[in-house]
Amino acid sequence: MNQENKRASQQDQWLGQIMKAEQTILDGQMLPIAQLLAIPADIRMKSPLLLRAECENGLLNGRLMETKQRLEAALRGFAAQADDSAMLTMMAMLGLLHVQVGDRHESRPFLSLLAQEWARNPESCSGFVPWALARAAAGGAEPASRFGEARSLLFAAAERFREEGRALWAGFVLLDALLFDCEARSNPEWPFWMNWLKRHTAEQPLAAAVARLLGSGTPDAGLCAGMPVRYAYLSRAVLLNRAEERLPDELADDIESGLYAASAAIGRLLAEGRADAAASALEVFDRQRRLLSTPELERLAGELRERLEAAASAAPAAVPAPASSPEAGADRGNAPRQTPIGRDEGGEPQGAAKWTIKLFDGIGFSAGNGPMAEPVWKRRKAGELFVYLLLQSGYKSNREQVVERVFGEGDAAKRSNQLYVTLHDLRSALKEIGMQDDVVYAKRGVVGIAENAVEAVDVETFVTLSRVGDQLWMDDREAASRLYDKALPLYGMLATELPHADWLERTRAQLLDRQTTMLKRLAAYYGEQGDEAREEQRVSDWIALRPNQEDAYEAMIRLCLRGGRRVEAVGWYRRLERICREELGTEPLMEVRRLLWS
């Protein structure tokens, strides 16, 4: 009873803040995420309005899988309240999310209903409904034929948000229209929208920042950086033509951002003269565009194709080495071209020496076909700094973020000195294995590792294969499974030399979840193909990776029963029963037990 009284008292204490927060949302403003998350989750989850605000923030900043769960919970909450308009909004946001991750199959039921409601009674639909329909129109077969429809729906979404008095979301849908097609500024109504936004965003800092970005004919990096994560990345990629090859972690599942990151990788390969690799990457890029495209991505694809054709036509024919030369018997097609070490325009070192770096199951380096070398860190923080930088977009990070994440809290002057000393130790350790002194740089508030010194990082390759596989899974499981099979062997414990680095735990958990998802999908795929041996191998790998996941044992039990191997199935159940009892303090689910004794 005391616990119940305590819980009720706690909820009463938060009631005033919840009511104030809900009124802010009803007034059309975005609640600061810090203020929202300050409310305990168990209390926050009971308010569909607060859940909706959290979901809106998630759509702007990535975190799509977490946002999906919140959206589904909010949808159930509004359904319980019989709030049809709010339910349509949640369904539209779910549709937008599914489109962002390229999951057209999951979005079809939502989008079909939304299209019916928009045609029948648009007044009952929030701006999210035409927004979701617009983005869905740009996916699937022949998206270019529906670009005109998508443009009209995007401006219709802005108009609905304007009627609702939601200047912030009117601004973001107009920004989405501009990222969809930069020709949006030629729309006759664009000046009207800019004037309206200026009048209605003065008291909303984020909305005002969006209005400034939209109204700037030549936006700068500062305006783009002021946007939430998703729009900060896409604004730089589209409006400034500065797509970054490495995505922020929050955008790992965002297919549109992934396409721009892929285009940056193709551009780098072309700049390095690796036309064959660029051609292969462009094929993958074109396949991904089948899931989602925009006029801007179509133009970008055309530009990349022209650059590739120009590179192919400009490539000189190979001249055979004289028979007497030492190179006559060498593999001339794969021989690296050695050039002196110099500096690029940004001050970073450049040259032919490129390193393949391993972070899974121990840190190691190799150059070309040379042996794997392991660095010796004089200080553990040197290893932490190195791994941290390699996990960042472009292998670089803001100095303040480096200090905060790697060196933790404490006296600012002391931590700055620690960074200086650690940089010196890191350079020394890398020099001992053959890297140049200036591969690691610190300049203009940025600490980083020169991208052109790195050939590949196993973690980056693993995530890329997995991510592209995820995007192909719904439409081409065979192609997705091939990529998954390539990614699986790469996985291991990230940076085993750094077991106590707290900041690494989140990344390790994300990588573990990726490996688990691939194993589950591969088991399902091989089961569909009737390849029982491979199916069993993947389920076994899944159990070995996650010995506490009950659904892995359930999959194995089903597989054994399907093959008439009841004794083995019972053995797996007994193992699950022991793990549940000894490690989790529970019993296996009744559904699993019924498989054997129903």
Side-chain angles (χ1 to χ4, degrees), residues 25 28-30 52-53 55-61 67 71 85 88-100 111 114-115 118 122-123 125-139 146-201 204 206-216 219 223-224 226-235 238-239 254 256-257 292 294-296:
I25 296 167
Q29 300 182 34
M30 178 169 280
R52 189 184 81 181
C55 295
E56 291 175 350
N57 183 276
L59 283 176
L60 296 175
N61 288 287
T67 301
L71 280 168
S85 178
L88 286 173
T89 295
M90 293 301 100
M91 292 170 67
M93 291 172 71
L94 266 172
L96 264 178
L97 185 146
H98 285 304
V99 170
Q100 284 183 18
L111 295 168
L114 293 173
W118 177 248
E123 291 76 16
C125 300
S126 75
F128 282 104
V129 173
W131 193 355
L133 294 174
R135 278 307 195 157
R146 301 183 64 190
F147 284 162
E149 177 187 354
R151 293 186 190 95
S152 298
L153 284 166
L154 285 168
F155 279 96
E159 177 62 22
R160 288 298 297 134
F161 283 129
R162 185 185 70 81
E163 293 170 355
E164 296 169 2
R166 305 194 71 187
L168 176 66
W169 286 103
F172 272 117
V173 79
L174 288 171
L175 177 56
D176 202 46
L178 189 60
L179 298 174
F180 180 80
D181 183 1
C182 284
E183 296 299 319
R185 282 199 177 100
S186 64
N187 187 301
E189 295 186 355
W190 194 261
F192 160 78
W193 282 109
M194 296 306 99
N195 290 329
W196 184 85
L197 284 174
K198 288 177 184 177
R199 295 196 305 271
H200 292 83
T201 58
Q204 300 182 49
L206 180 55
V210 176
R212 287 195 297 272
L213 178 58
L214 289 169
S216 174
L223 287 173
C224 296
M227 297 297 101
V229 175
R230 183 173 193 269
Y231 286 94
Y233 178 86
L234 289 174
S235 296
V238 180
L239 306 181
D254 187 288
E256 187 172 2
S257 301
L292 180 148
T294 68
E296 290 303 318

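When a residue number appears, it is its place in the shown sequence, counting from 1.
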Taking only residues two or more places apart in sequence, or in another chain, which ones meet N187 in a side chain to side chain contact (heavy atoms under 4.5 Å, CB included)?
-> F155, E189
Interatomic distance, [X] atom [atom1] to [Y] atom [atom2] [nearest 0.5 angstrom]:
X: K198; Y: W193; atom1: NZ; atom2: CH2; result: 15.0 Å
X: T89; Y: L94; atom1: OG1; atom2: CG; result: 11.5 Å
X: R135; Y: L292; atom1: CZ; atom2: CG; result: 6.0 Å
X: L114; Y: C125; atom1: CG; atom2: SG; result: 7.5 Å
X: L174; Y: F161; atom1: CG; atom2: CZ; result: 10.0 Å
X: T294; Y: E256; atom1: OG1; atom2: CD; result: 5.5 Å

Which one of R160, M90, R166, M91 satisfies the side-chain contact (heavy atoms from CB on, under 4.5 Å) criterion with F128?
->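 Running side-chain contact (heavy atoms from CB on, under 4.5 Å) over R160, M90, R166, M91 with F128 returns exactly one hit, R166.
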Minimum heavy-atom distance between [X] and [Y], given as atom pair plus value:
X: S235; Y: L179; answer: CA-CD2, 3.9 Å
X: T201; Y: A208; answer: O-CB, 3.5 Å
X: G127; Y: E164; answer: N-OE2, 3.3 Å
X: A170; Y: W196; answer: CB-CZ3, 3.9 Å
X: R151; Y: P295; answer: NH2-CG, 3.5 Å
X: D176; Y: Y231; answer: OD1-OH, 3.5 Å

Derivation and outcome, side-chain contact (heavy atoms from CB on, under 4.5 Å), residues R162 and H200 | CA-CA 10 Å; R162 185 185 70 81; H200 292 83; over 6 Å; no
Check: P191 main-chain N/O paired with N195 side-chain donor or acceptor under 3.5 Å |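 Confirmed, N195 side chain pairs with P191 backbone.
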Would a distance-only check, ignoring hydrogens and angles, find a side-chain to backbone donor-acceptor pair under 3.5 Å from Q204 to A167?
-> no
Mind running side-chain contact (heavy atoms from CB on, under 4.5 Å) on L153 and W118 for me, showing each step along the way?
-> CA-CA 10 Å; L153 284 166; W118 177 248; 3.7 Å; yes
Are the side chains of L154 and W131 in touch, meaning some heavy atoms are under 4.5 Å apart?
->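 Yes, at least one pair of side-chain atoms sits under 4.5 Å.
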Does the side chain of W169 reach to within under 4.5 Å of the side chain of S126, using non-hydrogen atoms?
->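 Side chain of W169 against side chain of S126, heavy atoms only: no contact under 4.5 Å found.
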For L197 and L214, what are the C-alpha separation, side-chain angles and deciding distance, and is it a side-chain contact (heavy atoms from CB on, under 4.5 Å)?
-> CA-CA 10 Å; L197 284 174; L214 289 169; 3.7 Å; yes
Could you give me the CA-CA distance, side-chain angles and deciding distance for L223 and L239, then say whether side-chain contact (heavy atoms from CB on, under 4.5 Å) is met?
-> CA-CA 11 Å; L223 287 173; L239 306 181; over 6 Å; no
